[in-house]
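A quick write-up on the structure given underneath.
From a predicted model like this one, the values you see are computed outputs, not experimental measurements. FYI, side chains are in, hydrogens and waters are out, and symmetry mates aren't considered; it's all heavy atoms of this structure.
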Amino acid sequence: MDDEVPAALRRAAEQAIDEAGVLDALAALGAEPSPYGRERATARRLADWAAARWPELSWRVDPLATTAALPDSANLVGSSALGTAPELLVYSHLDTSLTGGADFDAPITGRDAPAPELRRPDGADAEPVVSGFGLGVARAATAAAQPSQDTS
C-alpha cells in the first residue's frame, strides 16, 4: 500500500492526524453503551466534548419524541455561523449494537460478562488498538474523520 500512495501525500496525512484528538473523540463516543432508542446521554456527552474542543461552533442536542421504541433518543447537530458558505454534513450512528447487558451482548462480544469500558493504548510499546462500545461501527470512522485542533 505504501507504494500506491505518493510519499508527500502520505507525510501530509500523517502530520494532519492528531492521535490524541482521535482517542479523545473515541473516549467520548465509546464511554458507555447507547442502544437504539437510548442515545441521548451519548449525544449530550459528545456535545459537551465538541463544544469544549470547537467553541466557535454551535452544538445542539435534539431529543426525539418519546415512544416505546425510542424512550431516550436524540440527534446531535453541530453547525457554524458561516452565513451562505456551504457546510458539510457528517452522519453517524449514536446508537450501538451493545446494550451493556451480558445476556444480550454475549452473542456479539463472545463474553459472558458485560463488554469492558473503553481501552486506550498505554505507553510507547502499547499495541495501537482501541476498543469500546460501538467502535467497530460508524463511530470509529467518525472519530477518525474529526479535524485536528489548530493550536496556533
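- In this structure, S79 has no side chain to side chain donor-acceptor pair (under 3.5 Å) partners at least two apart in sequence or on a different chain.
- Applying the 4.5 Å side-chain rule to ILVMFWY residues, one finds Y36 in the same cluster as L70.
- Nearest heavy-atom pair across A28 and L46 is CB-CD1, 4.1 Å.
- Using a 4.5 Å cut-off on side-chain heavy atoms (C-beta onward), W59 and V77 make no contact.
- Scored by the side chain to side chain donor-acceptor pair (under 3.5 Å) test, N75 finds no partners at all (sequence neighbours excluded).
- Side-chain N or O atoms of S34 include one that pairs as donor or acceptor with a backbone N or O of L94 at under 3.5 Å.
- Across every non-hydrogen atom of L29 and T42, the tightest pair is O-CG2, 4.3 Å.
- R11 pairs by the salt bridge (Lys or Arg N to Asp or Glu O under 4.0 Å) definition with nothing, not counting sequence neighbours.
- Atoms CD and CZ, from E32 and R38 in turn, are 10.5 Å apart once rounded to the nearest 0.5 Å.
- Closest heavy-atom contact between P33 and T99: CG-O, 3.4 Å.
- Remark: D48 pairs with no residue by the side chain to side chain contact (heavy atoms under 4.5 Å, CB included) rule, at least two apart or across chains.
- For R40, the side chain to side chain donor-acceptor pair (under 3.5 Å) partners two or more places apart in sequence, or in a different chain, are D72.
- For the atom pair CG of D112 and CG of D103, the computed distance is 9.5 Å after rounding to the nearest 0.5 Å.
- Minimum heavy-atom separation, A113 to A102: C-CB, 3.7 Å.
- Formation of a donor-acceptor pair under 3.5 Å by the E14 side chain with backbone atoms of A12 is not found in this model.
- Here the closest non-hydrogen pair linking P71 and T66 is O-CG2, 3.6 Å.
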